[in-house]
Number of protein chains: 2
Amino acid sequence: MAGAEWKSLEECLEKHLPLPDLQEVKRVLYGKELRKLDLPREAFEAASREDFELQGYAFEAAEEQLRRPRIVHVGLVQNRIPLPANAPVAEQVSALHRRIKAIVEVAAMCGVNIICFQEAWTAGLGHAGHSFQIYTTPRWLKPSGQREKLPWTEFAESAEDGPTTRFCQKLAKNHDMVVVSPILERDSEHGDVLWNTAVVISNSGAVLGKTRKNHIPRVGDFNESTYYMEGNLGHPVFQTQFGRIAVNICYGRHHPLNWLMYSINGAEIIFNPSATIGALSESLWPIEARNAAIANHCFTCAINRVGTEHFPNEFTSGDGKKAHQDFGYFYGSSYVAAPDSSRTPGLSRSRDGLLVAKLDLNLCQQVNDVWNFKMTGRYEMYARELAEAVKSNYSPTIVKE
Amino acid sequence: MAGAEWKSLEECLEKHLPLPDLQEVKRVLYGKELRKLDLPREAFEAASREDFELQGYAFEAAEEQLRRPRIVHVGLVQNRIPLPANAPVAEQVSALHRRIKAIVEVAAMCGVNIICFQEAWTAGLGHAGHSFQIYTTPRWLKPSGQREKLPWTEFAESAEDGPTTRFCQKLAKNHDMVVVSPILERDSEHGDVLWNTAVVISNSGAVLGKTRKNHIPRVGDFNESTYYMEGNLGHPVFQTQFGRIAVNICYGRHHPLNWLMYSINGAEIIFNPSATIGALSESLWPIEARNAAIANHCFTCAINRVGTEHFPNEFTSGDGKKAHQDFGYFYGSSYVAAPDSSRTPGLSRSRDGLLVAKLDLNLCQQVNDVWNFKMTGRYEMYARELAEAVKSNYSPTIVKE
């Protein structure tokens, strides 16, 4: 396996395939080819200065007679943490705030209306390129990779008025931008418990609401269920000035019903802030969010971290292998998928990046009217069959000779 | 667009990519690389003589202490019709029976235990390479591409004792092979109506049962809803000697809930016999059946026709384009996907073919125990939410400022 240094699928294909074949490969893999956005030069200069990748693509829809195009620019951010992970928690969070502020400023230059950061973005993932340095204290990300409580739990904040929410409110107001901020939440009004939560902040600067991760992984090193429970807020959709959005956090992307319920509640764009590693899920990554965009006639935005995590104490990953000190690299590759099965290329597998996508939300209804998956969905039948299936005395329909 | 003559994605990648890149591309696109099956030489010779492609791959599972490997060989058949479509119906069906018999004999040489043909396989699709010949009478396939009734409706048969079922029973018994035979069904016991049905025949030769297409397309030229209705048999799973199987016919692959209910009823292999064309769905094809295998911890077998269809009378396709006489080519590309996200390469986009896959069904439970999508599925919540959502007075959960 070439590992994290292999930059991206798209770069490899562009480099080696003759043009006619490249076009056919892109058509089969990605649907139609998307136009690159003509982003401002100062945005590229700032991205270069700040050392992150910047890409932009446009999804177009047909012209209609009665509706004007419903254009929205979304921004997807993938990043590593800027400070060593043995720095004090407060300094790590501040450094992440500064890093994100710089990226959001570039997003603003690009006209981004809705921006989404990666899962648990203030609980920094340590990363030092791919030099595999071993630190003397753990490098914290979401609790997946370790079994310690302190200091990790100190990254959790109030969703309503924690320092990160206040920070995002300023960003939102300054840049007239909806901010989706996935954090670790401490709910002091309900037993002080932790949640994996996304806070949605209106471009007015007001907290529009929050949504919680509905499905919690118990997979290998991702033993998150010892930290927080399955979300209890259902499938809220947020009406913003730029369109109706929802947030399906990380492991929820494996559950088609989770995407479906956000879509049934009216989501036109579903963000999927994630943190997932190469050996576990990289071949699932291009499939799931894209299938959700197709099946639900909506846009989906898949965001993954970059970087490699190291721990001072050896641990086993439940995969039959010997104890080790890292659990592999987060492979980035953030992308946007559309209801017509087209998608953007992925961001880099290893660099920080901002992906800007111009969407015409009219495409959702247009594709719905062509493919009719909602009309032909037979949800009454499935509601009935599922209700039966969950009964303890359910007898599956199995035909025997 | 290079069209039907572009042979396959895999051939293109193998030809142009240097080995280390090819390996990484395959890992990202396909998960782990599968071992090629060592099929008998006489099988390749017979396939060559009969002019169809033969490929074989093995999916492996970890060794267990208490269960032996549960090995099953599945066969997927994609084909065009051998006779011109202006031949009499009975001759067309006989020619298809002969063609399929020859392919099944090769499958038997390869040790296939369960074989599945393409959707509505006896209602032949006319095809003459890619020479775009115009015939003086329509070339019949399933009713998708035209609006005529006769002679198309004459391809419909009894699922229980029609000539095609009797033909398949002989095949099944002779070769000790389960046969999945998707046909057009005439149900004379219930108002003589038509259905899009798959008959499942045990390797004993007995008809095990039938299952019907649950979701009927109303998409462009695929105006099937004027011929038959949504299936009324629910989501039956068939217990065969070689494992539990289900059949999700064609357009049902766009509906994640359809796959889910087959899986909840215990299906370990879900066949998806289809007939779908390049311009409409080719970029969805590698996504949907594969997502279903991942999401449901099972194997899926996606089968598509090959060939191009021409009609004597011009028609419009509801896509804003001028009237024309064909609706594009069926792009084959049949493949098998596994619960661990790996998949076989696709068969050719234009040639008849038989894809043999050796599965170890133990992989389903092994992946289930790693990823836990069933355990974390929260089906009670979704049964409740869906039951609410289908009510006419349902108010979606939309958060506004």
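Just so we're on the same page: letters track the sequence lines, and every chain starts at 1.
Looking only at heavy-atom pairs under 4.5 Å with chain B, the residue among A/Ile398, A/Val390, A/Leu257, A/Asp21 that has the most is A/Leu257. For chain B, the option among A/Ala389, A/Ala206, A/Gly31, A/Gly377 with the highest count of heavy-atom pairs below 4.5 Å is A/Gly377. Of the listed residues (A/Gln239, A/His235, A/Glu288), the greatest number of heavy-atom pairs within a distance under 4.5 Å of chain B belongs to A/His235. Put simply, of A/Tyr394, A/Tyr382, A/Phe238, the one with the most heavy-atom pairs under 4.5 Å next to chain B is A/Tyr382. The residue among A/Lys15, A/Lys32, A/Met375, A/Arg378 with the most heavy atom pairs within less than 4.5 Å of chain B is A/Arg378. Of the residues considered (A/Ala292, A/Gly209, A/Ser204, A/Gly266), A/Ser204 shows the highest number of contacts with chain B, using heavy-atom pairs under 4.5 Å.
A/Tyr30 and B/Ser283 make their closest contact through C-CB, 4.3 Å (heavy atoms, listed as atom of the first residue, atom of the second, distance). Residues A/His16 and B/Pro18 approach most closely at CE1-CG, 3.4 Å, considering heavy atoms. In terms of heavy-atom proximity, A/Leu208 sits nearest to B/Val399 at O-CG1, 3.3 Å. Residues A/Leu17 and B/Cys12 approach most closely at CD2-SG, 4.2 Å, considering heavy atoms.
Both the backbone and the side chain of A/Asn258 come within less than 4.5 Å of a heavy atom of chain B. When heavy atoms are compared at a cutoff of 4.5 Å, A/Arg244 approaches chain B solely by way of its side chain, counted from C-beta outward. Contact of B/Gln241 with chain A is not made at all, since no heavy-atom distance falls under 4.5 Å. For chain B, the nearby parts of A/Ile287 are the backbone and the side chain; heavy atoms of each come within less than 4.5 Å. Interface residue B/Ile216: only backbone heavy atoms are found under 4.5 Å from chain A. Proximity to chain B (any heavy atom under 4.5 Å) is shown, for A/Asn214, by both the backbone and the side chain. Contacts of A/Tyr251 with chain B are made by side-chain atoms alone, with heavy-atom separations under 4.5 Å and no backbone atom involved.
Once rounded to the nearest 0.5 Å, the distance linking CG of B/Asn265 with OG1 of A/Thr397 reads 4.0 Å.
For the pair A/Ser281/B/Trp371, a side-chain contact is recorded, criterion being any heavy-atom separation below 4.5 Å from C-beta on. In this structure, the side chains of B/Leu29 and A/Leu29 come closer than 4.5 Å at one or more pairs of heavy atoms. Inter-residue side-chain proximity for A/Val28 and B/Trp285 is flagged as unmet; no heavy-atom pair is nearer than 4.5 Å. Proximity of A/Met381 to B/Glu230: side-chain heavy atoms (C-beta onward) are nowhere separated by under 4.5 Å.
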*Verdict with supporting geometry, A/Arg349 and B/Glu24, salt bridge (charged side-chain N to carboxylate O under 4.0 Å, His left out)*: CA-CA 12 Å; A/Arg349 295 172 72 252; B/Glu24 196 71 349; 3.8 Å; yes
*Could you go through the side-chain contact (heavy atoms from CB on, under 4.5 Å) check for B/Val370 and A/Val219 one step at a time?*
CA-CA 6 Å; B/Val370 169; A/Val219 184; 4.2 Å; yes
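Using a 4.0 Å cut-off between charged side-chain N and carboxylate O, A/Lys391 and B/Glu380 make no salt bridge. B/Arg27 has a carboxylate O that lies under 4.0 Å from a charged side-chain N of A/Glu282, or vice versa, which qualifies the two as a salt bridge.
With ring centers used as reference points, B/His255 lies 6.0 Å or more from A/Tyr379.
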